Amino acid sequence: MAAAGPSVFLLMVSGQVESAQFPEYDDLYCKYCFVYGQDWAPTAGLEEGISQITSKSRDVRQALVWNFPIDVTFKSTNPFGWPQIVLSVYGPDVFGNDVVRGYGAVHVPFSPGRHKRTIPMFVPESTSKLQKFTSWFMGRRPEYTDPKVVAQGEGREVTRVRSQGFVTLLFNVVTKDVRKLGYDTGPVDMQGAWGPSLPQGLPQ
């Protein structure tokens with residue numbers, strides 16, 4: 001009798017939250033967490049973390065370098081809900097309070113190998129001048145109670161946001177048994193578009 005094929009596949013993600021560019025700010029730290037569909041489960045590593053505080057480099061780039069490691073393994077039966085990493089960057093305001101300086105999210109790359117991603121960051125905006133002044137005066141900037149909302153489409157469009165800075169991530173992606181379950185994750189063509197073998201349900 002033939003052995004049954006695998007019923008789950010694995011996605012192994014390592015790498016690091018490498019650096020950031022926030023021209024207006026210094027002394028920042030970063031939190032990350034993963035958001036994924038209901039068919040996914042972490043099996044090893046950490047699905048969230050918080051970096052050290054870093055100061056701008058003294059060179060022309062003025063980069064904020066964290067090199068903060070990411071290492072997590074997921075299992076799933078279905079590519080729908082492919083994991084995203086959500087980043088939140090914080091730093092002190094003029095009163096010394098920790099306030100959010102940027103949110104951003106990106107899907108874990110679908111194809112195995114080494115990938116570099118630069119994520120544009122944004123902050124929620126107060127909708128009125130009075131709210132802006134009050135939040136500045138009280139040292140309370142608008143922020144999300146749950147940063148995972150950044151990875152979800154619903155409700156985001158009613159939030160006014162302002163672009164602010166970039167964060168660079170390095171990913172090393174390894175998959176196991178994805179092809180055996182009938183999904184093809186590559187190769188990606190030169191424009192970065194998926195070929196016709198994109199499995200149903202993967203975000204584009």
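Counting from 1, the numbers follow the sequence of the chain as shown. On a predicted model such as this, the values are computed, not experimentally measured, just so you know.
Heavy atoms only, all atoms of each residue included: His115 and Ser111 are closest at NE2-O, 2.6 Å. Between Tyr103 and Pro124, the shortest heavy-atom contact is CE1-CD, 3.7 Å. The heavy-atom pair separating Tyr36 from Pro42 by the smallest distance is OH-CD, 3.4 Å. Smallest separation of non-hydrogen atoms from Gln16 and Ile70: C-CD1, 3.9 Å. Closest approach of Trp66 and Leu28 over heavy atoms only: NE1-O, 3.1 Å. Nearest approach of Gly102 to Val123, heavy atoms of both residues: N-CG1, 3.6 Å.
Atom NZ in Lys31 sits 5.0 Å away from atom CD1 in Ile50 (nearest 0.5 Å). Put simply, CZ on Arg101 and SG on Cys30 are 14.5 Å apart, with the number rounded to the nearest 0.5 Å. In this structure, the separation between CD1 on Ile119 and CG on Leu169 is 4.0 Å, given to the nearest 0.5 Å.
Side-chain atoms of Ser76 come within 3.5 Å of backbone N or O of Asp39 as a donor-acceptor pair. A donor-acceptor pair under 3.5 Å is absent between the side-chain atoms of Thr54 and the main chain of Leu64, judged by distance alone. Asp98 places no side-chain N or O within donor-acceptor distance of the main-chain N or O of Tyr90, the cut-off being under 3.5 Å.
The side-chain contact (heavy atoms from CB on, under 4.5 Å) search around Glu24 returns none, not counting sequence neighbours. For Glu47, there are no salt bridge (charged side-chain N to carboxylate O under 4.0 Å, His left out) partners at least two apart in sequence or on another chain.
Taking the six-membered ring for Trp and the full ring otherwise, the centers of Phe9 and Trp40 sit less than 6.0 Å from each other.
Under the 30°/60° scheme for interplanar angles, the aromatic rings of Phe22 and Tyr25 are found to be tilted.
Hydrophobic clustering (ILVMFWY, side-chain heavy atoms < 4.5 Å, transitive): Val72 and Val173 are in one cluster. Residues Phe171 and Phe74 are members of one and the same hydrophobic cluster, defined by side-chain heavy-atom contacts under 4.5 angstrom among Ile, Leu, Val, Met, Phe, Trp and Tyr.
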